Amino acid sequence: MRLPAISMFFLLLVSANAVAEDGIMRGYGLSQCSELISKHKKDKRFTEIIYGTWMVGFISGINMQLFSDERPRHLIPEPAKVFEGVRQRCESKPDAYVFAVLVDYVATLPPGTKK
């Protein structure tokens with residue numbers, strides 16, 4: 001059931017550069033995983049806070065769309081836990097964009113409430 005809700009974000013996967021140029025999305029999600037990993041090695045705490053906060057906001061945006069469609073939303077873990085889940089996935093996909101890996105991560109989150 002979560003696949004249709006997330007499918008709209010797969011349209012963004014076509015070209016991250018086009019997404020940025022058109023102003024459809026801004027922020028750390030347009031970074032490649034290799035950049036996230038490199039920054040994390042240099043300054044773990046700062047990277048976890050900055051990216052983790054962006055990730056939780058992105059998931060909140062997904063939840064708002066689900067809310068407007070009257071569909072169950074995702075339970076959102078703490079930013080550090082979201083960051084770690086995405087970082088681990090990024091290790092095996094260094095050329096992927098962070099937002100694409102985050103969308104995959106969101107698909108694994110348990111559903112919340114419909115209310």
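Only heavy atoms go into these numbers, but all of them, side chains included; no hydrogens, no water, no symmetry mates. Remember, it's a predicted structure, so these values are computed and weren't measured experimentally.
- Of all heavy-atom pairs between Leu102 and Val82, the closest is CD1-CG1, 4.1 Å.
- Counting all heavy atoms, side chain and backbone alike, Val101 lies closest to Ala96 at CG2-CB, 3.8 Å.
- The residues Glu35 and Lys39 are annotated as salt-bridged, a charged nitrogen and a carboxylate oxygen being separated by less than 4.0 angstrom.
- Closest non-hydrogen pair, Pro72 versus Leu66, comes out as O-CD1, 3.5 Å.
- Panel note: side chain Gln32, backbone Tyr97; no donor-acceptor pair is recorded below 3.5 Å.
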If you apply the rule side-chain contact (heavy atoms from CB on, under 4.5 Å), what do you find for Leu109 with Ile59, and how did you get there?
CA-CA 10 Å; Leu109 294 176; Ile59 298 169; 4.2 Å; yes
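- Using a cut-off of 4.0 Å between Lys/Arg side-chain N and Asp/Glu carboxylate O, Lys81 and Glu78 are scored as not salt-bridged.
- Thr108 places a side-chain N or O within donor-acceptor distance of the main-chain N or O of Tyr105, the cut-off being under 3.5 Å.
- Considering every non-hydrogen atom in both Ile37 and Cys90, the closest pair reads CD1-O, 3.5 Å.
- A distance-only check finds no donor-acceptor pair linking the side chain of Arg71 to the backbone of Phe67 [under 3.5 Å].
- Hydrophobic clustering keeps Ile49 apart from Leu36 (ILVMFWY residues linked when any side-chain heavy atoms are closer than 4.5 Å, directly or through intermediates).
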Check against side-chain contact (heavy atoms from CB on, under 4.5 Å), Tyr51 and Ser31
CA-CA 10 Å; Tyr51 277 86; Ser31 304; 3.2 Å; yes
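- With hydrogens and angles disregarded, no donor-acceptor distance shorter than 3.5 Å links the side chain of Asn63 to the backbone of Arg73.
- Residues Thr47 and Phe83 share a closest heavy-atom pair of O-CE1, 3.9 Å.
- Ile76 and Ser60 make their closest contact through CD1-OG, 3.6 Å (heavy atoms, listed as atom of the first residue, atom of the second, distance).
- Across Gln88, Arg87, Lys93, a single residue satisfies side chain to side chain donor-acceptor pair (under 3.5 Å) together with Glu91, and that is Arg87.
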